[in-house]
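Scope of the values below: all heavy atoms of this structure, side chains included, with no hydrogens, waters or symmetry mates. Since the model is a prediction, treat every value here as computed from it, not as a measurement.
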Amino acid sequence: MAEARIDKWLWSARIFKTRTLAADACKNGRVSVGGVKMKPAKMIKEGDVVDVKKGPIVYSFKVLRAVQNRVGAKLVPEILQNVTSPKQLELLELNRISGFIDRARGTGRPTKKERRDLDEFIEPAFFGDFDFDDEDDEDLDDSYDDDM
């Protein structure tokens, strides 16, 4: 039965962009197999279910082939099967929908859409059309003419 290092497999299956990122995820306890946190050098085999915590959710992948060399994106379905629970995928969708509401204070300037939303929120209430008295304007004009 074929075996592969888990960090190499995560990189080969294109779950992580670099092998270093895959190894760091293992070292930081974000990768587990059967509820057991894995170190980068641990071996996995076909049939194992690998859980990877990325962002707010935990992805689950079933190992179909244990490979150590990176494969093309078209061949990824032959290497793994995504068995992530629908509950986790729903959590991902809710996080995506929430947008800038959960944005931490001081994380940079607002995006163009956020700026429009802020302007729309502020402008109608405080800077709407406001008519000044015409009489006051005439008094100012007369006093200006008298001085000259």
Verdict with supporting geometry, Thr18 and Leu21, side-chain contact (heavy atoms from CB on, under 4.5 Å)
CA-CA 5 Å; Thr18 66; Leu21 290 174; 3.2 Å; yes
So do the side chains of Lys42 and Arg5 get within less than 4.5 Å of each other, counting heavy atoms only?
no
If you look only at pairs with a residue in residues 73-84, which of them pass as a side chain to side chain donor-acceptor pair (under 3.5 Å), with sequence neighbours excluded?
Asn82-Thr84
Rounded to the nearest 0.5 angstrom, the CE-CE distance for Met43 and Met38 is 10.0 Å
Starting from Leu89, can I reach Val52 by hopping between I/L/V/M/F/W/Y residues whose side chains sit under 4.5 Å apart?
no
For the hydrophobic clusters of this structure (ILVMFWY residues joined by side-chain heavy atoms under 4.5 Å, transitively), does one cluster hold both Leu75 and Val50?
yes
Can you list the other members of the hydrophobic cluster that holds Val49, where links are side-chain heavy atoms under 4.5 angstrom apart?
Val83
When you measure from the side chain of Gln88 to the backbone N and O of Ser85, does any donor-acceptor pair fall under 3.5 Å?
no
Going by side chain to side chain donor-acceptor pair (under 3.5 Å), name the residues that satisfy it together with Arg14, two or more places apart in sequence or in a different chain.
none
With Ala22 via side chain to side chain contact (heavy atoms under 4.5 Å, CB included) - residues at least two apart
Asp7, Leu10, Phe16
All pairs passing salt bridge (charged side-chain N to carboxylate O under 4.0 Å, His left out) where residues 82-91 contributes a residue, at least two apart:
none
Side-chain donor-acceptor distances from residues 61-73 under 3.5 Å, at least two apart:
{"unit_1": "Gln68", "atom_1": "OE1", "unit_2": "Lys8", "atom_2": "NZ", "d": "3.3"}
{"unit_1": "Arg70", "atom_1": "NH1", "unit_2": "Trp11", "atom_2": "O", "d": "2.6"}

Nearest heavy-atom approach of Ala23 to Pro40 is O-CG, 3.7 Å
In the single-linkage hydrophobic clustering (I, L, V, M, F, W, Y; side-chain heavy atoms under 4.5 Å), do Val58 and Trp9 co-cluster?
no
Would you please test Thr111 and Glu114 for side-chain contact (heavy atoms from CB on, under 4.5 Å) and show each step?
CA-CA 5 Å; Thr111 63; Glu114 293 168 349; 3.2 Å; yes
With sequence neighbours left out, which residue pairs that include part of residues 49-59 fulfil the side chain to side chain donor-acceptor pair (under 3.5 Å) condition?
Asp51-Ser60
Side chain to side chain donor-acceptor pair (under 3.5 Å): pairs with one or both residues in residues 20-38, sequence neighbours excluded
none
Charged N to carboxylate O below 4.0 Å: is that the case for Lys45 and Asp48?
yes
